[in-house]
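What follows is a set of notes on a single structure, which appears directly below.
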Amino acid sequence: MLLISKELLDQIYVHVEKAYPEEGAGFLIGDGGKVENIFSLPNAREDEARHNRFLITPEDYLKAELTADSLGLSLIGVFHSHPDCPNVPSEYDREWAQPFFSYIITRVDEGKAVNSRSWRLLEDRSRFEEEEVQIL
């Protein structure tokens, strides 16, 4: 189960709505299964692919790790959006995912965040399983 406050989920929604019609992304910072902060990122993917792909650079990953460390927390996942399509992980998402992270995917239709679902990759990397999200 992933725990997140309404305020942090609203911050994710603001970020992914601003990114629309491109995918928006960032890290989930927390402890265990509770999100305590988010680290929004620009989409570093090339222009023509941003509508259905996101890229987190090694530099962005390092900045997020340092931010989490400074807060006494850890990176516990990634959030990103799926503009105008279902918020289920794609094969591309599976290929790049890490089994120990939670992945919040927010569906954004016509510029408005509709809802979010969270997923965890199985250790054998074969598929995602949906994880319950509790909004605090």
Side-chain angles (χ1 to χ4, degrees):
M1 176 186 304
L2 186 69
L3 306 171
I4 187 167
S5 70
K6 173 140 178 25
E7 292 78 17
L8 289 175
L9 194 57
D10 287 345
Q11 288 177 32
I12 290 172
Y13 285 7
V14 166
H15 179 70
V16 298
E17 286 174 356
K18 283 183 183 175
Y20 183 88
E22 299 173 350
E23 286 195 7
F27 283 101
L28 306 172
I29 296 174
D31 184 31
K34 184 176 183 192
V35 180
E36 300 283 354
N37 207 331
I38 64 165
F39 190 85
S40 298
L41 294 167
N43 188 340
R45 195 71 193 204
E46 64 276 6
D47 289 345
E48 61 274 4
R50 287 185 189 154
H51 71 283
N52 68 344
R53 298 282 185 263
F54 71 94
L55 177 66
I56 296 173
T57 67
E59 294 81 12
D60 288 337
Y61 200 112
L62 178 60
K63 287 177 194 174
E65 280 278 7
L66 292 172
T67 298
D69 285 348
S70 73
L71 297 170
L73 300 168
S74 302
L75 296 183
I76 63 168
V78 170
F79 70 86
H80 76 280
S81 59
H82 280 186
D84 300 313
C85 67
N87 51 352
V88 296
S90 66
E91 179 62 18
Y92 179 85
D93 292 336
R94 188 192 62 78
E95 290 172 3
W96 290 94
Q98 300 178 53
F100 50 89
F101 271 180
S102 291
Y103 289 87
I104 292 178
I105 303 176
T106 300
R107 181 178 179 141
V108 181
D109 288 345
E110 298 179 5
K112 183 72 177 149
V114 177
N115 66 355
S116 295
R117 298 168 73 184
S118 187
W119 305 87
R120 290 186 68 97
L121 185 66
L122 297 179
E123 282 194 43
D124 68 4
R125 304 185 53 80
S126 62
R127 64 185 175 85
F128 281 94
E129 285 190 345
E130 189 165 7
E131 113 181 288
E132 182 181 348
V133 177
Q134 183 176 6
I135 301 172
L136 307 172

TODO: Please report the C-alpha distance between D84 and V108 in whole Å, then the side-chain angles of each, then the deciding distance to 0.1 Å, and finally whether the side chain to side chain contact (heavy atoms under 4.5 Å, CB included) criterion is met.
DONE: CA-CA 6 Å; D84 300 313; V108 181; over 6 Å; no
Open item on the list: Going by the rule side-chain hydrogen bond (donor to acceptor under 3.5 Å, both in side chains), which residues pair with Q134 if we only count those two or more places apart in sequence or in a different chain?
Closed with: none
Task: Transitive ILVMFWY side-chain link Y13 to I135, under 4.5 Å - done: yes
- [ ] Determine, using the 4.5 Å side-chain heavy-atom cutoff (strictly less than), whether F100 and F128 are members of one ILVMFWY cluster.
- [x] yes
With a 3.5 Å cut-off and sequence neighbours excluded, list the donor-acceptor pairs that the side chains of residues 2-11 form with protein atoms.
{"residue": "S5", "atom": "OG", "partner": "L8", "partner atom": "N", "Å": "3.1"}
{"residue": "K6", "atom": "NZ", "partner": "D10", "partner atom": "OD1", "Å": "3.1"}
{"residue": "K6", "atom": "NZ", "partner": "D10", "partner atom": "OD2", "Å": "3.0"}

- [ ] Heavy atoms only: give me the nearest V35-N37 pair and the separation to one decimal.
- [x] CG1-O, 3.4 Å
Open item on the list: Rounded to the nearest 0.5 Å, what separates atom CG in L41 from atom NE2 in H80?
Closed with: 13.0 Å
Task: Cluster link V78 to V88, ILVMFWY, side chain under 4.5 Å - done: yes
- [ ] Look up atom SG in C85 and atom CD1 in I105, then write down how far apart they are to the nearest 0.5 Å.
- [x] 9.0 Å
Task: Within 6.0 angstrom of E110 CD, more than 12 heavy atoms from elsewhere - done: no
Open item on the list: Looking at W119 and R127, would you say the former's side chain and the latter's main chain have a donor-acceptor pair under 3.5 Å?
Closed with: no
Open item on the list: Once rounded to the nearest 0.5 Å, what's the spacing between atom OG of S70 and atom CD of E65?
Closed with: 11.0 Å
Open item on the list: I'd like to know whether D93 forms a side chain to side chain contact (heavy atoms under 4.5 Å, CB included) with H82, so could you lay out the CA-CA distance, the side-chain angles of the two residues, the decisive distance to 0.1 Å, and finally the verdict.
Closed with: CA-CA 11 Å; D93 292 336; H82 280 186; 3.2 Å; yes
TODO: With side chain to side chain contact (heavy atoms under 4.5 Å, CB included) as the test, would you mind laying out the steps for I56 and F27 before giving the verdict?
DONE: CA-CA 9 Å; I56 296 173; F27 283 101; 3.7 Å; yes
Task: Pairwise distance CZ(R125) to CD(Q98) - rounded to 0.5 angstrom - done: 8.0 Å
TODO: Examine distances only and state if a side-chain atom of D31 and a backbone atom of E36 form a donor-acceptor pair shorter than 3.5 Å.
DONE: no
Open item on the list: Rounded to the nearest 0.5 Å, what separates atom CG in L62 from atom CG in D69?
Closed with: 9.5 Å
Task: Ring geometry between F101 and Y61 (parallel below 30°, tilted from 30 to 60°, perpendicular above 60°) - done: parallel
- [ ] Test side chain to side chain contact (heavy atoms under 4.5 Å, CB included) on L75 and I29 and set out the steps.
- [x] CA-CA 5 Å; L75 296 183; I29 296 174; 3.8 Å; yes
Open item on the list: So P83 and E23, do their side chains get closer than 4.5 Å, heavy atoms only?
Closed with: yes
Task: ILVMFWY cluster, L136 and F79 together (side-chain gap under 4.5 Å) - done: no
Task: Contacts of S118 that satisfy side-chain hydrogen bond (donor to acceptor under 3.5 Å, both in side chains) - sequence neighbours left out - done: E131
Task: Backbone of R107 reached by a side-chain donor or acceptor of R117 within 3.5 Å - done: no
Open item on the list: Test your reading of the model: is there a side-chain donor-acceptor pair from E17 to the backbone of A113, 3.5 Å cut-off?
Closed with: yes
TODO: Spell out, as yes or no, whether a donor-acceptor pair under 3.5 Å connects the side chain of S81 to the backbone of G24.
DONE: yes
Open item on the list: Test your reading of the model: is there a side-chain donor-acceptor pair from H15 to the backbone of F39, 3.5 Å cut-off?
Closed with: no
- [ ] Assess whether atom CD of E91 is packed by more than 12 heavy atoms of other residues, nucleotides or ligands within 6.0 Å.
- [x] yes
TODO: List the atom of R120, the atom of P99, and the distance in Å for their closest heavy-atom pair.
DONE: NH2-O, 3.8 Å
